[in-house]
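The next block holds one structure in the form of structure tokens; read it before the comments.
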Amino acid sequence: MSDLLLVRHGETEWSRDGRHTSWTDLPLTVDGAEQARALRPLLSDRKIGPVYASPMQRALRTAELAGLARPQIDADLREWDYGGYEGVTTAEIRRSRPGWYLFSDGVAEGPAAHPGESPEQVGARADRVLARIAPQLAAEEGDVVLVAHAHFLRVLAARRLGLPAAAGGLFTFETGTVGVLGTEHDRPAVVAWNARSL
């Protein structure tokens, strides 16, 4: 079974400031672009198979700078729809919702085009992605790479490991890093996380 490489995009202004960013299409900061470039040696040492990316510019630019040419765009890789919490920090949310936690409490309803998603809805998207790439992982023709966003990739990692979507809260995911999900004794396992080198 090939490894599944999860690449979180490089830093943006909002990720740097802790603001929830889903549909707002922000570019990488200068530091974010450098984080993405720094992934190139790590990824060039591996046999890379199919590469998929979120349609957002921060993911696509990260893929480009990391040397992952022409990824296939997959809309299911977009970030958790934060609904009414788009652009808002956790500290700001907790002023009106003390103890709020994204992975168990979800988000406030947003505008019609972005109503927000529950953890289970994000988990369902992750399951669709995992189902689509399962044959490619089994083919062992190179690592499958997903370039996307922190909260979505945390949920996807949980689902790959057989955990509920809310268990994505057990992982942190820094900008411009890689998570590697492989297998041990034919069962999914975390090989590396928040990696900048392997």
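Remember, it's a predicted structure, so these values are computed and weren't measured experimentally.
Residues passing the ring pair (Phe, Tyr, Trp, His ring centres under 6.0 Å) test with Trp100, sequence neighbours excluded: His20, Tyr85.
Side-chain contact between His151 and Glu117 is absent, with no heavy-atom pair separated by less than 4.5 Å. Side-chain contact between His9 and Met56: absent, with no pair of heavy atoms (C-beta onward) separated by less than 4.5 Å. Side-chain atoms of Val51 and Val7, non-hydrogen and from C-beta on, never get closer than 4.5 Å to each other. Counting only heavy atoms from C-beta outward, the side chains of Gln136 and Tyr52 approach each other to under 4.5 Å. At a threshold of 4.5 Å between non-hydrogen side-chain atoms, the residues Arg160 and Leu137 count as touching. Contact annotation: the side chain of Asp81 approaches that of Pro115 to within less than 4.5 Å [non-hydrogen atoms, C-beta and beyond]. For the pair Ser15/Arg8, a side-chain contact is recorded, criterion being any heavy-atom separation below 4.5 Å from C-beta on.
In terms of hydrophobic clustering, with Ile, Leu, Val, Met, Phe, Trp and Tyr side chains grouped at heavy-atom distances under 4.5 Å, Leu39 and Leu181 are assigned to different clusters. Two different hydrophobic clusters hold Trp14 and Trp23 under the rule that ILVMFWY side chains link at heavy-atom gaps under 4.5 Å. There is a path of hydrophobic side-chain contacts, each under 4.5 Å, that joins Phe152 to Val88. A single hydrophobic cluster is seen to contain both Leu153 and Leu4, as judged by linkage of ILVMFWY side chains at heavy-atom distances under 4.5 Å, directly or through other members. Two different hydrophobic clusters hold Leu65 and Leu42 under the rule that ILVMFWY side chains link at heavy-atom gaps under 4.5 Å.
Side-chain atoms of Glu140 come within 3.5 Å of backbone N or O of Met1 as a donor-acceptor pair. Arg78 contributes a side-chain N or O that, together with a main-chain N or O of Ala75, makes up a donor-acceptor pair within less than 3.5 Å. Side chain of Thr62 to main chain of Gly10: a donor-acceptor pair is present (N/O by atom type, distance under 3.5 Å, no hydrogens or angles). In this structure a side-chain-to-backbone donor-acceptor pair under 3.5 Å is missing from Arg16 to Gly32.
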* **Derivation of the side chain to side chain contact (heavy atoms under 4.5 Å, CB included) call for Thr29 and Glu13** => CA-CA 6 Å; Thr29 62; Glu13 286 186 18; 4.0 Å; yes

* Asked: Would Leu130 and Leu156 satisfy side chain to side chain contact (heavy atoms under 4.5 Å, CB included), going step by step from the backbone distance to the final call?
  -> CA-CA 8 Å; Leu130 290 169; Leu156 185 137; 4.0 Å; yes

* Under the side chain to side chain donor-acceptor pair (under 3.5 Å) criterion, do Ser54 and His149 qualify, and how do the steps go? -> CA-CA 8 Å; Ser54 158; His149 314 273; 2.7 Å; yes

* After noting the C-alpha distance and the side-chain angles of Ile48 and Leu5, does the key distance pass the side chain to side chain contact (heavy atoms under 4.5 Å, CB included) rule? -> CA-CA 9 Å; Ile48 301 296; Leu5 275 54; 4.1 Å; yes

* To do: Given salt bridge (charged side-chain N to carboxylate O under 4.0 Å, His left out), test Arg46 with Asp3 step by step and report yes or no.
  => CA-CA 10 Å; Arg46 302 188 66 101; Asp3 285 344; 2.7 Å; yes

* Thr24/Glu86 under side chain to side chain donor-acceptor pair (under 3.5 Å): CA gap, chis, key distance, verdict -> CA-CA 8 Å; Thr24 304; Glu86 181 77 359; 2.6 Å; yes

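To the nearest 0.5 angstrom, Arg19 atom CZ is 12.5 Å from Thr90 atom OG1. With rounding to the nearest 0.5 angstrom, the CG atom of Asp17 is 8.0 Å from the CD atom of Glu11. For the atom pair CZ of Arg125 and CG of Asp74, the computed distance is 9.5 Å after rounding to the nearest 0.5 Å. Here Arg40 contributes atom CZ and Asp45 contributes atom CG; the two are 12.5 Å apart, rounded to the nearest 0.5 Å. Note that CD of Gln57 is 4.5 Å distant from CG of Asp25, once rounded to the nearest 0.5 Å. To the nearest 0.5 Å, the span separating CG on Leu68 from CG on Leu43 amounts to 5.0 Å.
No more than 12 heavy atoms of other residues, nucleotides or ligands sit less than 6.0 Å from atom CD of Glu141. A 6.0 Å sphere centred on CD of Glu109 holds no more than 12 heavy atoms belonging to other residues, nucleotides or ligands.
In plain terms, the two heavy atoms of Leu161 and Val190 that are nearest each other are CD1-CG2, 3.8 Å. Residue Leu102 comes nearest to Pro119 through the heavy atom pair O-CG, 4.0 Å, listed as atom of the first residue, atom of the second, then distance. Minimum interatomic distance between Ala158 and Ala165 (heavy atoms only, all atoms of both residues): CB-O, 4.4 Å. Across every non-hydrogen atom of Leu77 and Ala148, the tightest pair is O-CB, 3.4 Å. Residues Pro41 and Ala38 approach most closely at CD-O, 3.3 Å, considering heavy atoms.
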Side-chain donor/acceptor pairs under 3.5 Å, residues 169-180, sequence neighbours excluded:
from, atom 1, to, atom 2, distance (Å)
Thr172, OG1, Asn194, ND2, 3.3
Glu174, OE1, Arg196, NH1, 3.1
Thr175, OG1, Gln35, OE1, 3.1
Thr175, OG1, Gln35, NE2, 3.2
Thr177, OG1, Glu174, O, 2.8
Thr177, OG1, Asn194, OD1, 3.2

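Ionic pairing of Asp76 and Arg132 is present here: one or more N-O contacts between side-chain nitrogen and carboxylate oxygen are shorter than 4.0 angstrom.
Taking the six-membered ring where tryptophan is involved, the planes of Trp80 and Tyr82 are essentially parallel, since the angle between them stays under 30° and well short of 60°.
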